[in-house]
Structure formats: structure tokens, C-alpha cells
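Position 1 is the first residue of the sequence; numbering continues from there.
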Amino acid sequence: MSEPLDHVARIQREWARERPDLDVSPQGVIGRLHRLAGHLTEQLCVVYRRYGLSEGDFDVLATLRRGGPPFERAPGELAAFTMVTTGAMTKRVDRLERDGLVTRRRSESDGRGRVVALTAAGRELIDRAFAEHMRNERRLLDELPPEQAARLEEILTGWLARFETPVRVRE
């Protein structure tokens, strides 16, 4: 009897049979990363939903919160930090504002500009949700031995830097 194969290995085996002229080994890494990302996202969204948030809502609230006092950013800055279009950001902010988690107002430094700010309720919610989110990420990462997790972070950091240029930040 043969060794059990995961989903990606089964796909690779089929492609190797059908297209022996192609190197299908990249699927081993890319396919597994893609599948793992889907599983991890679902596990992360369980926590978000517990707080009545979507993944995008959580992202906006977390971006505002981690910016520090006064916990506000311009909509364009929010869109850039969360990597969505300004149109998508507007929909997210509309929903969060309706739920009393953020407010919009004119910028004090630029009368034409707007800022989105956390409300007290938004800050309290994201603080609770983020604490549980970190416990959840720890649980997921604890599936690996610590040395493997550290090595994986190093590998992924280097690989990601080939797609996204790291930026220096002022402390």
C-alpha cells in the first residue's frame, strides 16, 4: 500500500503523470502556502465573528488602535495601511460608523480633509478582540515547534521582502 498523500501531493502526482515535461515541484510550496492561508484565515475569522466583526472591520479598528492616541487616521492612510481601495474603505467605515465604533470628522490640520477616529466603544472592542486574536495566533503557531516557527518566520520575511520593500520607521 502506498504512503498517504496530502491534497497538494495528489495534484502534483496527477500533473507529473499528465505533463512529465513540466517541473511541478513549485506546487509543493505554493500550493501548500495557498491552502494553509485559507485554513489560517478561517481560524482567524472565528475570533473576528465572535466580536461581530468581519476581517476588514477588524483590520480597520486595529489600524486605528495601533496608531496610538488620538486613534485616528485619514481615510486614504487607512486604505493604504489595509491595502484596499478607497471605495472599499468607505464601505467599511460606513458600517463601523453605523455601529458606533468609529466617527468621521474634518481634519483639524487640513480643513478639506477628513479623519476617521475610534470611539470609546470601538477602542474597547478592538482591545478585547485583539487580545483574543493574539491568543488565537499563539494557539495556531504552537502547532509548530518553536525553532521551526522561528525559521519559518525568517524564511517568509526574506521571501516577502522580494515582493514588498521593507521601510524604515522612526521610533
Side-chain angles (χ1 to χ4, degrees), residues 29-30 32-144 146 148-171:
V29 173
I30 305 298
R32 286 185 181 92
L33 278 173
H34 185 73
R35 289 183 61 80
L36 186 57
H39 291 294
L40 292 174
T41 297
E42 181 51 39
Q43 290 293 309
L44 297 176
C45 287
V46 166
V47 170
Y48 307 151
R49 287 190 296 266
R50 195 170 292 141
Y51 291 88
L53 301 171
S54 69
E55 187 176 17
D57 296 338
F58 179 90
D59 205 12
V60 170
L61 295 176
T63 299
L64 290 168
R65 176 62 175 98
R66 74 174 181 261
F71 309 111
E72 60 186 34
R73 296 184 190 259
E77 188 181 14
L78 275 175
F81 272 107
T82 58
M83 296 182 292
V84 297
T85 65
T86 53
M89 182 55 61
T90 297
K91 289 179 183 178
R92 288 179 183 177
V93 171
D94 286 347
R95 189 171 47 251
L96 292 168
E97 186 176 37
R98 184 193 68 229
D99 293 344
L101 302 174
V102 302
T103 60
R104 279 187 261 221
R105 63 171 175 71
R106 289 209 180 281
S107 170
E108 293 169 6
S109 61
D110 174 6
R112 294 170 296 146
R114 310 273 291 163
V115 294
V116 177
L118 276 178
T119 62
R123 182 173 173 195
E124 190 273 330
L125 180 69
I126 194 58
D127 280 351
R128 286 188 297 119
F130 185 72
E132 185 172 345
H133 173 69
M134 285 294 92
R135 288 190 296 273
N136 191 34
E137 284 194 349
R138 170 53 49 208
R139 176 188 65 82
L140 293 167
L141 199 54
D142 281 348
E143 294 291 320
L144 295 175
Q148 283 185 6
R151 182 71 181 122
L152 182 58
E153 181 179 10
E154 182 183 322
I155 291 167
L156 292 174
T157 298
W159 195 6
L160 185 59
R162 297 180 190 285
F163 294 90
E164 300 176 359
T165 305
V167 293
R168 293 197 188 286
V169 293
R170 291 184 296 251
E171 297 290 323

(request) Compare every heavy atom of Arg65 with every heavy atom of Phe71, then report the nearest pair and how far apart it is. (result) CE2-NH1, 3.1 Å

(request) Could you tell me whether Arg98 and Asp94 have a side-chain N and a carboxylate O separated by less than 4.0 Å? (result) no

(request) Would you mind checking if Glu42 and Arg49 are paired as a salt bridge, meaning a charged N to carboxylate O distance below 4.0 Å? (result) yes

(request) Would you sort out whether Arg114 and Arg106 count as a side chain to side chain contact (heavy atoms under 4.5 Å, CB included), showing the intermediate values? (result) CA-CA 4 Å; Arg114 310 273 291 163; Arg106 289 209 180 281; 3.9 Å; yes

(message) Using only atom types and a distance under 3.5 Å, with no angle test, would you say the side chain of Thr119 pairs donor to acceptor with the backbone of Leu101?
(response) yes

(request) For Asn136 and His133, indicate whether the former's side chain and the latter's backbone hold a donor-acceptor pair under 3.5 Å. (result) no

(request) Carefully, step by step, assess Val84 and Asp59 under the rule side chain to side chain contact (heavy atoms under 4.5 Å, CB included). (result) CA-CA 11 Å; Val84 297; Asp59 205 12; over 6 Å; no

Which donor-acceptor pairs under 3.5 Å do side chains of residues 149-167 form with protein atoms, sequence neighbours excluded?
{"unit_1": "Arg151", "atom_1": "NH1", "unit_2": "Glu154", "atom_2": "OE2", "d": "2.8"}
{"unit_1": "Thr157", "atom_1": "OG1", "unit_2": "Glu153", "atom_2": "O", "d": "2.7"}

(request) Working to the nearest 0.5 Å, report the span between CD of Glu77 and CD of Glu72. (result) 10.0 Å

(message) A side-chain contact here means heavy atoms from C-beta on lying under 4.5 Å apart; do Arg73 and Val115 qualify?
(response) no

(request) List the steps, then state whether side chain to side chain contact (heavy atoms under 4.5 Å, CB included) holds for Phe130 with Phe58. (result) CA-CA 9 Å; Phe130 185 72; Phe58 179 90; 3.9 Å; yes

(request) Can you sort out the partners of Gln43 under side-chain contact (heavy atoms from CB on, under 4.5 Å), two or more places apart, ordered by chain and number? (result) Arg139, Leu140

Without placing hydrogens or testing angles, list every side-chain donor-acceptor pair under 3.5 Å for residues 85-92, not counting sequence neighbours.
{"unit_1": "Thr85", "atom_1": "OG1", "unit_2": "Ala88", "atom_2": "N", "d": "3.0"}
{"unit_1": "Thr90", "atom_1": "OG1", "unit_2": "Thr86", "atom_2": "O", "d": "3.0"}

